[in-house]
Amino acid sequence: MKDFELIRKDFPILEAKVNGHHLIYLDNAATSQTPNCVIDSISDYYKNLNSNIHRGVHFLSQKATEKYENTRKKFKDHLNANSTKEIIFTSGTTHSINLIANGFINSLKPGDEIIVSQLEHHSNIVPWQMLSEKTGAKMKVIPMNNLGELDIKIYEKLLSNKTKVVFVNHVSNALGTVNPIKKIIEKAHRYDAKVLIDGAQAVPHFHVDVTELDVDFYVCSAHKFCGPTGVGILYGKQRILEELPPYQGGGEMIDEVTFEKTTYADLPNKFEPGTPNIAGVIASGVALDYINDIGLDNIKKYEDKLLAYATKKLKEINGVKIYGESENKTSVISFNIGDIHPYDIGSVIDNMGVAVRTGHHCAQPIMDYFKIPGTIRISFCFYNNFEEIDILIDSLKKAVRMLS
Amino acid sequence: MKDFELIRKDFPILEAKVNGHHLIYLDNAATSQTPNCVIDSISDYYKNLNSNIHRGVHFLSQKATEKYENTRKKFKDHLNANSTKEIIFTSGTTHSINLIANGFINSLKPGDEIIVSQLEHHSNIVPWQMLSEKTGAKMKVIPMNNLGELDIKIYEKLLSNKTKVVFVNHVSNALGTVNPIKKIIEKAHRYDAKVLIDGAQAVPHFHVDVTELDVDFYVCSAHKFCGPTGVGILYGKQRILEELPPYQGGGEMIDEVTFEKTTYADLPNKFEPGTPNIAGVIASGVALDYINDIGLDNIKKYEDKLLAYATKKLKEINGVKIYGESENKTSVISFNIGDIHPYDIGSVIDNMGVAVRTGHHCAQPIMDYFKIPGTIRISFCFYNNFEEIDILIDSLKKAVRMLS
Amino acid sequence: MEIIEIQNEIVDEFNMFDSWMEKYEYLIDLGKNIPKISNENKTDDNIIKGCQSKVWLHATEDNGKVNFFADSDAIITKGIISLLIRTFSGQKPQDIIESNLDFIDKIGLRQHLSPNRANGLNNMIKKIKFYAIGFNKKINE
Amino acid sequence: MEIIEIQNEIVDEFNMFDSWMEKYEYLIDLGKNIPKISNENKTDDNIIKGCQSKVWLHATEDNGKVNFFADSDAIITKGIISLLIRTFSGQKPQDIIESNLDFIDKIGLRQHLSPNRANGLNNMIKKIKFYAIGFNKKINE
Ligand SMILES: Cc1ncc(COP(=O)(O)O)c(C=O)c1O
Ligand SMILES: Cc1ncc(COP(=O)(O)O)c(C=O)c1O
């Protein structure tokens, strides 16, 4: 077992002071912090091998291309994909989802249906809404229950031969619910529907195996697993990606260009036009190595303990109501205290150095369900510790005293 | 006048060795190198303020948002836009062009025409080709002459009331030609056509004023002006951007989301869904400050001297044929030597530490015009010097000896 | 009192506090005593956008002077808008239009507001000036 | 000679050179003497993709052995493919299919090839094996 206290030293930002207090960073579901090795890999890239990739014949271009393509291999291995052709680098989860949604623009028609869950992040709602408007396909919603769990019975009823695509997140960013995606995928496949899983909140916390899941598309963002901003990873089954139309046009994604006709390049280049975020992609691979060195099993065990401890401590505060109480949860607690506006509490504890998120967490449909304007959300990473939770609880108590 | 030799010390990569030789980097049109201040700003971001922006109530989020938005202001000032609402951050020029091309998807119809130049980079051809296929609008091409200059007479004849969009690069990446865009814009506006200028190769080399140009859209990439990879800057007139449909759906670009209906946020957020490349955007602002500190006028003067010197020296080599001999050129020389394949020369001088680009430079239509498979392209940045050009010439001579 | 005097008064009051905590506590107190908007005026039209919390603002004109009423579901937001109301209620539209609002910075609040909230604050000020412009027109007709 | 022997011979030859420059010069020499593809076989079908330079490769079968012919517009590329032809021309399809190609690494060329060229090289080898598979089928029918 790793010593999680030692790990903290890898993250320089954890030394920051806010208003004279030590920073306590509990907003990891929004973005995680970055260890020195990842930061250094970015500097190292610009100091030693910065160059445009693929097209160059020179030394730097060769080195940069090698590192970039080697990173693709790392993600292929990590997600257990079949081929590096199945790994596309994008600028983030949002971009990845839009890329896939656009892929269905020619194949969907009025009468077809696409199924979304009530637990989704806006990034996994709006692109499909736009697609639905353009194609006339209808959107159906898998509802959730009071515990923040999807109702699989209703999901089964929504499925039919009309269903063409299902998109669900692996873990809800607003409530922390881990959805039974294996079951969801299996049932969709009975109707030949494709499934996209938004794994933005899953990949940082436990191991994901796309082959075992038999998922069609799986997406995540590097900045949520200790990587840099501006990098998304998109897995897609080769056979399906080959059939999808390209999303953006540009250099590198084409084979030949004349003004009459353009032929597209093979995977993965077909979906990576233009100069990618080369430094960022390479640094994402370093972040992946970093969490794999700690071990996702160790991470999961430790974060589960943090979650249990924080949940217990929170419940001891008078008037706390936790949203999302599934048995299957990771690293996120959404809550309110009495009638106090979450925004007020967030502002007060921020001045005490405790960084949490308040609001709708880009998941308004969940807020609508609970009829609340928003929640306070705390979310953990493996560098958080029990002492920080104690300080959080203390700050919350002070805030409640001030605000009531 | 700046001491351009001192400037070299700001770029750590210029110390690199290739095969025992000093690196001579002459592939700046593909990507420019990064000064220490830009590299440090990225480290600094991750060490001190990494946080998701806009939505947070906490200290880090506030600091990061401030820096991000302040960078928008820098670009607004630099390009002389009217408002920060007119500056959109994307992941690169290619992304920006696709965003705008998509914006016309509902307004173009069969019978409409879009005009492109023969000098374009694939990134400024393929997105419009895709749009043309989807909408039925026709593509017309402004041809070029032997010197690599656009034929404005023919352009005038191509223009008509059918013309809806014109897209031309400010500077050709393959030949270095500076196009007379002010004239091109003015003439297009007489027919109420919108104009997109691809400034990827212009912004690094001289000053651009979007208000004076009266251009509708202007795009560029940070990695071409000493900034990081993965950042594009898109200028658009506010009135026009407001009318364009959003491109990608996601968080932050929406105002309210229900499953029935989504309303979009104001500019610039409407076009920036999802977590942006925050560190990269901030570092791009640092790169902008850096080149402004040197002064674009100084840069232009110095680079013009490099260009003149290199052109003269190259012509002294037997059999050299330069492609692109307009009076109006910046920092790029494309050439071949005798019948020797450019790829052979590129490979040989690479082993001598001289990094150039060979091939079609993502501009096949230009190669088709000259009926050549490709060229050797050298391209300068202000950190290059005369000594490097001498070494280049020397290496070329050696290569020719080996290869003939 | 003139707008500038009220502002100076507020700055003096806040200067008495050493810590942000005392400032916040004072703000919360002020929030509790805000001139409440009546329920029928809590319409969508009167909502100010750009806050995580909802803010309603209504204004009436009486004898050439403007009176403001507001509410919010968040108490700190209420405190902030109550400062604005204290400054502007009972003033002439023209004076409101011409006023300067640097007191927000002077009381050292800005650095303790999130950008979100700062944005909301800017929108509140916009809405207040917007009301003033409307009444000014009416008066001058 | 068997494939493995030819490969060892090539490795030995290249080991005589100390510098990449000599290796390149040798490669260029080899390129000049490549068994040329006839013009009628320079079809689009015979072009190998993935190179900045064009490469044509054609093969014939004669008495259970395969013969290769090629050309390229770049001389270094010609040199590389001439090494492959030297190794595989006159071999049995089955032997070609089963052969291993690590000699490319052993002669220290890989590090002096761009990824683009390395990619092209991989495609050449694929095409060679592809021909061998085809002929093998034919022979075994
Ligand atoms: C003229 C021109 N347009 C567009 C591009 C594409 O830019 P990016 O690869 O940064 O998207 C380039 C760069 O290669 C270019 O030179
Ligand atoms: C579940 C989920 N999906 C999608 C996103 C969007 O990711 P990004 O902002 O990196 O595009 C997020 C992050 O906020 C998320 O939590």
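Chain letters run A, B, ... following the sequence lines, proteins first, then strands; residues in each count from 1.
- Within 6.0 Å of NZ on A:Lys270 lie more than 12 heavy atoms contributed by other residues, nucleotides or ligands.
- The contact between B:Ile125 and chain A is made entirely by side chain atoms (from C-beta outward), counting heavy-atom distances below 4.5 Å.
- B:Thr34 places none of its side-chain heavy atoms less than 4.5 Å from the side chain of A:Tyr45.
- Note on A:Glu120, A:Gln129, A:Gln118: by heavy-atom pairs under 4.5 Å with chain B, the leading option is A:Gln129.
- Per-residue heavy-atom pair counts under 4.5 Å with chain B were compared for A:Asp368, A:Asp27, A:Val38, A:Leu131, and the maximum is reached by A:Asp27.
- For A:Asn98 (side chain) and B:Gln248 (main-chain N/O), no donor-acceptor pair under 3.5 Å exists by modelled atom type.
- Only the side chain of B:Tyr264 comes within contact range of chain A, with at least one heavy atom under 4.5 Å from a heavy atom of that chain.
- The candidate from B:Asn124, B:Ile42, B:Val141, B:Asn106 with the greatest count of non-hydrogen atom pairs under 4.5 Å with chain A is B:Val141.
- Nearest heavy atoms, A:Asp350 versus B:Phe59: OD1-N, 2.8 Å.
- In this structure, the portion of A:Leu49 lying under 4.5 Å from any heavy atom of chain B is its backbone and not its side chain.
- For chain A, the nearby part of B:Ser32 is the backbone; its heavy atoms alone come within less than 4.5 Å.
- Heavy atoms of B:Pro276 lying under 4.5 Å from chain A belong exclusively to its backbone.
- With a 4.5 Å cut-off on non-hydrogen atoms, B:Lys140 does not touch chain A at all.
- By the 30° and 60° cut-offs, the orientation of the rings of A:Tyr247 relative to B:Tyr247 is parallel.
- Heavy atoms of A:Val116 lying under 4.5 Å from chain B belong exclusively to its side chain.
- Comparing A:His223, A:Lys134, A:His121 by heavy-atom pairs within less than 4.5 Å of chain B, the highest count is held by A:His223.
- Of all the listed residues (A:Thr229, A:Thr94, A:Val231), the one sharing the greatest number of non-hydrogen pairs under 4.5 Å with chain B is A:Thr229.
- Annotation: maximal heavy-atom pairing with chain B below 4.5 Å, among A:Gln33, A:His360, A:Met139, occurs at A:Gln33.
- Contact of A:Ala16 with chain B is not made at all, since no heavy-atom distance falls under 4.5 Å.
- With rounding to the nearest 0.5 angstrom, the NE2 atom of B:His58 is 9.5 Å from the CG atom of A:Leu26.
- Inter-residue side-chain proximity for A:Tyr25 and B:Leu60 is flagged as met; some heavy-atom pair is nearer than 4.5 Å.
- The line from OG of B:Ser43 to OH of A:Tyr46 is 11.0 Å long, rounded to the nearest 0.5 Å.
- In this structure, B:His21 places its NE2 atom where more than 12 heavy-atom neighbours from other residues, nucleotides or ligands lie under 6.0 Å away.
- Contact count versus chain B (heavy atoms, under 4.5 Å) is highest, among A:Asn48, A:Ile39, A:Thr31, A:Asn50, for A:Asn50.
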Between B:Arg357 and A:Asn52, is the side chain to side chain contact (heavy atoms under 4.5 Å, CB included) condition met? List the steps. CA-CA 10 Å; B:Arg357 189 140 296 225; A:Asn52 216 323; 4.0 Å; yes
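- Note: B:Val126 leads B:Asp40, B:Thr90, B:Val126 in heavy-atom pairs under 4.5 Å with chain A.
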Carefully, step by step, assess B:Lys47 and A:Asn36 under the rule side chain to side chain contact (heavy atoms under 4.5 Å, CB included). CA-CA 8 Å; B:Lys47 288 184 180 171; A:Asn36 278 319; 3.9 Å; yes
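- Annotation for A:Ser91 and B:Ser91: closest pair CB-CB, 4.0 Å, computed over non-hydrogen atoms.
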